[in-house]
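Report on one structure; see the data block that follows.
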Amino acid sequence: MTQQTPRRVVVLDDGYAHYDAEREVLAPLGVELVLRPCRGDAEAVRTAMADADAALVRESPVDAQAIAATRAKVIVRYGVGHENIDGAAAAARGIPVCNVPAFGTDEVSDHAVALLLAAARRIVEADRRVRAGGWGVPMDRKVYRLRGGTLGLIGYGRIGAATHRKAIALGFARVLVHDPFLKSVPEGVEPASLDRIAHESDAISLHAPSTNATHHIVGRAFLAQVKPTAILVNTARGALVDEAALAAALAEGRLLAAGLDVFSPEPLRADSPLRTLENVVLSDHAAWYSEEAIADLQRQAAEEVARVLSGEKPLNQVNKGPYPA
């Protein structure tokens, strides 16, 4: 009797301390979990995908060639964004691409508020000053009260909404939202154009996906309209911001401060002028991180794979096209 080859779930990138959650979820299905640390190498991804019945993906690109050669029944992205997977090519082959949409909602919204407060209160500057032996508030470094101000949100998905709820505690009097996909207007929110957000906001937080439509949505034209006392926060995608235009606005005093967790490209270039500006708070694409968030992410991604391999429909398919019968 010929022994049947076990189905194979390929993890395209390493980076987590262990994969116990995935193995626990998939073990009842008799699935072999194989780690393939492709680390952005498209050819390595194609090789790994060739004998995969399902794939769990972090950052590596899954292009049309990889999808054309695979037998995979589902591709799941560890996280919310899925730009690195060719969803159209997968749909054409009847392969659902899925994400974990609730991942990091608390963490990223916490980080957005933390960057806002750090930039508004000039916490990092004060820390450097005290460590260097300085003392006392420099009067040329202006700080403005947040209470009574206007918060502008560009994007209002799970994370944007969570940021809104948390920022309300800071005392913002108004919340303006620009999101063309907003189906209903939540209480306490005013829909607004980008121009209005630029003109009226005292703090602007970005929560939109990276698409052709949102590329450099914060660019020279937008920054030409902002208040010189405004603060920009980006925990979404680096491509939303024209970094050269932002650096110029900050250096010239046309924008008070910024808090940035994401950049384009990443890591932030060594010669980026953002590194030299005191009115910028920088973090290294860390907004998503907490131990609890990683545990939830790994388990929920594996559960989506298990659903499909068990013959069920996925919960979080993001590419268009009918699910294969």
Side-chain angles (χ1 to χ4, degrees), residues 15-17 58-59 77-83 99-128 143 146 149 151-172 175 177-179 197 201-210 214 217-218 230-241 243 246 250 255-268 272 274-275 277-298 300:
Y16 300 129
R58 289 189 71 210
E59 306 301 334
R77 167 78 166 90
Y78 279 119
V80 180
H82 45 87
E83 307 96 297
N99 68 348
V100 183
F103 169 62
T105 298
D106 280 323
E107 287 72 14
V108 179
S109 55
D110 283 352
H111 206 88
V113 175
L115 285 174
L116 172 59
L117 285 170
R121 299 301 309 170
R122 298 187 178 271
I123 297 295
V124 177
E125 290 179 58
D127 177 82
R128 291 179 186 140
V143 171
L146 296 175
L151 172 66
L153 298 172
I154 299 178
Y156 198 80
R158 287 179 174 86
I159 295 171
T163 302
H164 171 202
R165 291 193 296 271
K166 292 170 183 179
I168 286 300
L170 302 178
F172 284 102
V175 178
V177 169
H178 177 80
D179 189 333
I197 284 181
S201 297
D202 298 289
I204 301 164
S205 190
L206 307 183
H207 302 284
S210 178
T214 61
I217 197 168
V218 175
I231 297 167
L232 177 75
V233 172
N234 188 10
T235 54
R237 288 290 184 266
L240 302 183
V241 177
E243 290 176 10
L246 174 61
L250 289 163
L255 181 71
L256 182 69
L260 307 173
D261 182 59
V262 288
F263 309 92
S264 182
E266 291 183 290
L268 180 63
S272 171
L274 293 170
R275 290 179 179 268
L277 297 170
E278 288 194 348
N279 53 342
V280 183
V281 180
L282 305 172
S283 59
D284 51 349
H285 203 146
W288 57 273
Y289 172 70
S290 76
E291 288 298 304
E292 294 87 350
I294 291 175
D296 290 345
L297 174 65
Q298 290 184 255
Q300 289 169 23

**Check against side chain to side chain contact (heavy atoms under 4.5 Å, CB included), Val233 and Ile204** = CA-CA 6 Å; Val233 172; Ile204 301 164; over 6 Å; no

**Request:** Start with the C-alpha distance between Val175 and Val177, add both sets of side-chain angles, then the distance that settles side chain to side chain contact (heavy atoms under 4.5 Å, CB included), and finish with yes or no.
**Result:** CA-CA 7 Å; Val175 178; Val177 169; 4.2 Å; yes

**Request:** Output, in order, the C-alpha distance, side-chain angles, deciding distance and verdict of side chain to side chain contact (heavy atoms under 4.5 Å, CB included) for Ile231 and Asp202.
**Result:** CA-CA 6 Å; Ile231 297 167; Asp202 298 289; over 6 Å; no

**Asked** Given the rule in the side chain to side chain contact (heavy atoms under 4.5 Å, CB included) test, do Asp179 and Ile154 qualify, once you have shown the distances and angles that lead to the verdict?
**Response** CA-CA 6 Å; Asp179 189 333; Ile154 299 178; over 6 Å; no

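Contact record, Ala167 with Leu151: CB-CD2, 3.7 Å, taken as the closest heavy-atom pair. Contact detail for Ser109 and Lys166: the closest heavy-atom pair is OG-NZ, 2.7 Å. The nearest pair of heavy atoms linking Ser205 to Thr163 is OG-CG2, 4.3 Å. Between Ser201 and Ala230, the closest heavy-atom pair is O-CB, 3.7 Å. When all heavy atoms of Leu240 and Ala208 are compared, the pair lying nearest together is CD1-O, 3.5 Å. Contact record, Gly81 with Arg237: CA-NH2, 3.4 Å, taken as the closest heavy-atom pair.
With sequence neighbours excluded, the residues that form a ring pair (Phe, Tyr, Trp, His ring centres under 6.0 Å) with Tyr78 are Tyr16.
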Result block: side-chain N/O donor-acceptor pairs under 3.5 angstrom for residues 111-126, not counting sequence neighbours:
unit_1	atom_1	unit_2	atom_2	d
His111	NE2	Ser283	OG	2.9
Arg122	NE	Lys142	O	3.0
Arg122	NH1	Glu125	OE2	2.7
Arg122	NH2	Lys142	O	3.4

N/O donor to acceptor pairs below 3.5 angstrom from side-chain atoms of residues 99-106, sequence neighbours left out:
unit_1	atom_1	unit_2	atom_2	d
Asn99	ND2	Val80	O	2.9
Thr105	OG1	Ala102	O	3.1

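In summary, the side chains of His164 and Tyr156 do present a donor paired with an acceptor at a separation below 3.5 Å, with no hydrogens or angles considered.
Distance alone, capped at 3.5 Å, is enough to place a donor-acceptor pair between the Arg275 side chain and the Leu268 backbone. Side chain of Asn279 to backbone of Leu250: a donor-acceptor contact under 3.5 angstrom is found. Here the side chain of Asp261 pairs a donor or acceptor atom with the backbone of Ala287 at under 3.5 angstrom. Within the 3.5 Å criterion, the main-chain N or O of Phe263 finds no donor-acceptor partner in the side chain of Glu243.
Distance CD/Glu291 to CG/Asp296: 11.5 Å, rounded to 0.5 Å. To the nearest 0.5 Å, the span separating CG on Leu297 from OG on Ser290 amounts to 10.5 Å. For the atom pair OG of Ser272 and CG of Leu282, the computed distance is 8.0 Å after rounding to the nearest 0.5 Å.
Here the side chains of Ile294 and Trp288 are in contact, with some heavy-atom distance below 4.5 Å. Inter-residue side-chain proximity for Leu246 and Leu255 is flagged as met; some heavy-atom pair is nearer than 4.5 Å. Taking the side chain as every heavy atom from C-beta outward, Leu206 and Val218 approach each other to under 4.5 Å.
Under 4.0 Å is where a charged nitrogen must lie from a carboxylate oxygen, and between Glu83 and Arg77 no such pair does.
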